[in-house]
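All values below come from the heavy atoms of this structure, side chains included, with hydrogens, waters and symmetry mates left out.
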Amino acid sequence: MTEDSARHDEAEQPPVDPDHTQEVDLSRTQELGPPPGQPPLLPPEDPAPEPVGAATWPDHPAPAPGYPVPTRSAAQGWDTSGQPAYAPRAAEHAAYTPNPYAASAASSVAAPTTTRGPGWFGVFLIAGLAALLAGLGGGLLGGWLGSSDRFDGFDSSATGPTPEPGPGASTRPEGSVASIAAKATPSVVTIRVEAADGDGTGSGWVLDDKGHIVTNNHVVSAAASKGKITVVLTNGKQASATIVGRDVSYDLAVLRVDRTDLTPLPLGDSNKVVVGDPVIAVGAPLGLESTVTTGIVSALNRPVTPGEADDQSFINAIQTDAAINPGNSGGPLLDMQGRVIGINSAIARVAGNAIGGQSGNIGVGFAIPSAQVKITVDQLIRTGKAEHPIIGVLLDREYQGEGVRIATDSGDTPAVTPDGPAAKAGLKAGDVITAFEGRPMVDPDALVVAIRSKAVGSTVSLTVLRDGKSRDVKMVLQGRSD
């Protein structure tokens, strides 16, 4: 018998009725693409409807042809083959007017002598020689730059100082987007993964001065057993990374690089965030590192469950309209003080409009709140794994009424775990949970997400309906590591 903290995936239950799912198909951003030489992944025909809050990682699978991801060549230069045609820069229309020649004042005193100039022939001769020398010099300089690989990108074997803030940090007002971006981007990294399932990119950010990098689990999970993870700083320097710990349920992972000179980002308090707050997302969408987008907090406490089966996560998400695309996963969502209030993890996609199985940003993105990040990351660093709070019940996913019903006992598996939090609070099989901490519960996923947003040992209140009578109960959440 297995305990279940309202997590339905441990009981073989049929999928949610399509009539009770959301209209949008929410999916987690996946970075990994198909193995080299294999065709791009395409959406399955007539996909089955996903449960409420199902999300897509914006990075899996990789965009199909026509929506390619810019990559680096072997020489670390841009490989432009097959890349999208970017619109040319708009013409600069600044008018240039040369200074007029000033007329010479007539002199009242005649010059004692007159010296003849070189004449027009001499002027043309001098101009021609100057042009010839300039052309030869430019050609020699260009040839030297090309032969020396000066344009081939960064030298990954070299070591250098920690990236410095950009010019916006000092030339723009404190608290402006430009100032925050200039200070934050040196602490945001691009994560490159090489694995048997394919290569991909994601984002991450510096947690402390001990070399710890925070990202999403789905960014690095493919390289967990046999793979290579490389962290690329904004100045182009690279460092090999190892996995300190990762957790599927919270979609979080901590990496470590052998550097102690990196500048960490401050962690904010997501519990103080309100709808309408302006936010800034930083990451590497489509492999374009150090990309900054802005938006607002669109909603709070969104139950998002990206992934499937053993790869499913439960996120009590911050919803934002800041542009999040494939490759943004793991990057920080910042407030206007430059503090991390969330980790960008998932985007919504409209079914039927996807390219290669995903549609990219449509203005509905989701981030893991920093309050959850703080708890889980600390556990991953200390023990390599995370604890999940449970109430000790199995849920009935076929129930269509109000609230979330506890399943009935089946065989040797009790619906309410003996001596679990729910049993101690007096809950029984068939009870209907209508609210958790005052929030109405409309489906099992929402209840699981709400429970897992709390810390182990927390005292929580539930509103339970039995035989037509409603009552409030309190219980202390127990912990379990999957």
Side-chain angles (χ1 to χ4, degrees), residues 2-10 28-32 53-60 191 193 195 202-205 207-208 210 212-225 227 229 231 241-256 267 270 302-318 329-333 340 342-346 366-391 445 447-458 477-482:
T2 304
E3 290 185 2
D4 182 28
S5 62
R7 183 178 182 180
H8 58 276
D9 51 17
E10 296 188 8
R28 222 169 8 179
T29 72
Q30 299 185 356
E31 285 82 358
L32 295 182
T56 192
W57 296 312
D59 322 277
H60 295 283
I191 297 173
V193 175
S203 305
W205 50 278
L207 175 68
D208 54 30
K210 299 177 182 178
H212 290 123
I213 306 291
V214 179
T215 186
N216 284 139
N217 170 67
H218 77 265
V219 171
V220 299
S221 58
S225 55
I229 302 174
V231 169
T242 57
I243 297 177
V244 175
R246 63 189 187 92
D247 185 78
V248 173
S249 183
Y250 290 127
D251 194 22
L252 290 171
V254 178
L255 309 178
R256 191 176 186 279
L267 198 62
S270 58
R302 288 293 196 206
V304 179
T305 56
E308 298 177 356
D310 293 337
D311 193 35
Q312 191 169 29
S313 300
F314 298 87
I315 304 171
N316 192 41
I318 297 173
S329 285
L333 187 69
V340 180
I343 296 182
N344 303 317
S345 181
F366 303 99
I368 304 169
S370 61
Q372 183 64 65
V373 173
K374 183 178 181 180
I375 296 172
T376 304
V377 164
D378 178 66
Q379 292 175 346
L380 293 177
I381 292 176
R382 287 189 293 104
T383 66
K385 56 185 179 181
E387 267 194 322
H388 309 137
I390 64 170
I391 64 173
D445 286 345
L447 179 58
V448 174
V449 168
I451 293 171
R452 297 211 172 183
S453 68
K454 300 297 182 179
V456 174
S458 299
L477 299 179
Q478 292 181 356
R480 182 187 64 191
S481 297
D482 290 342

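- Heavy atoms only, all atoms of each residue included: Asp251 and Ser345 are closest at OD2-OG, 2.8 Å.
- With sequence neighbours excluded, no residue forms a side-chain hydrogen bond (donor to acceptor under 3.5 Å, both in side chains) with Ser453.
- With values rounded to the nearest 0.5 angstrom, Thr376 atom OG1 is found 5.5 Å from Leu252 atom CG.
- With sequence neighbours left out, Arg256 forms a side-chain hydrogen bond (donor to acceptor under 3.5 Å, both in side chains) with no residue at all.
- The two residues Ser270 and Ser370 have their closest heavy-atom pair at N-OG, 3.0 Å.
- Closest approach of Phe366 and Ala317 over heavy atoms only: CB-CB, 3.8 Å.
- Between Leu477 and Pro389, the shortest heavy-atom distance links the atoms CD1-CB, 3.8 Å.
- Closest approach of Ala223 and Val193 over heavy atoms only: CB-CG1, 3.6 Å.
- Looking at every heavy atom in both residues, Thr305 comes nearest to Asp445 through OG1-OD2, 3.6 Å.
- A donor-acceptor pair shorter than 3.5 Å cannot be found between the side chains of Asp311 and His218.
- Partner of Leu255 under the side-chain contact (heavy atoms from CB on, under 4.5 Å) criterion, chosen from Val219, Thr242, Val220: Val220.
- With Pro369 as the partner, the side-chain contact (heavy atoms from CB on, under 4.5 Å) test is satisfied by one option alone out of Ile318, Leu333, Ile343: Ile318.
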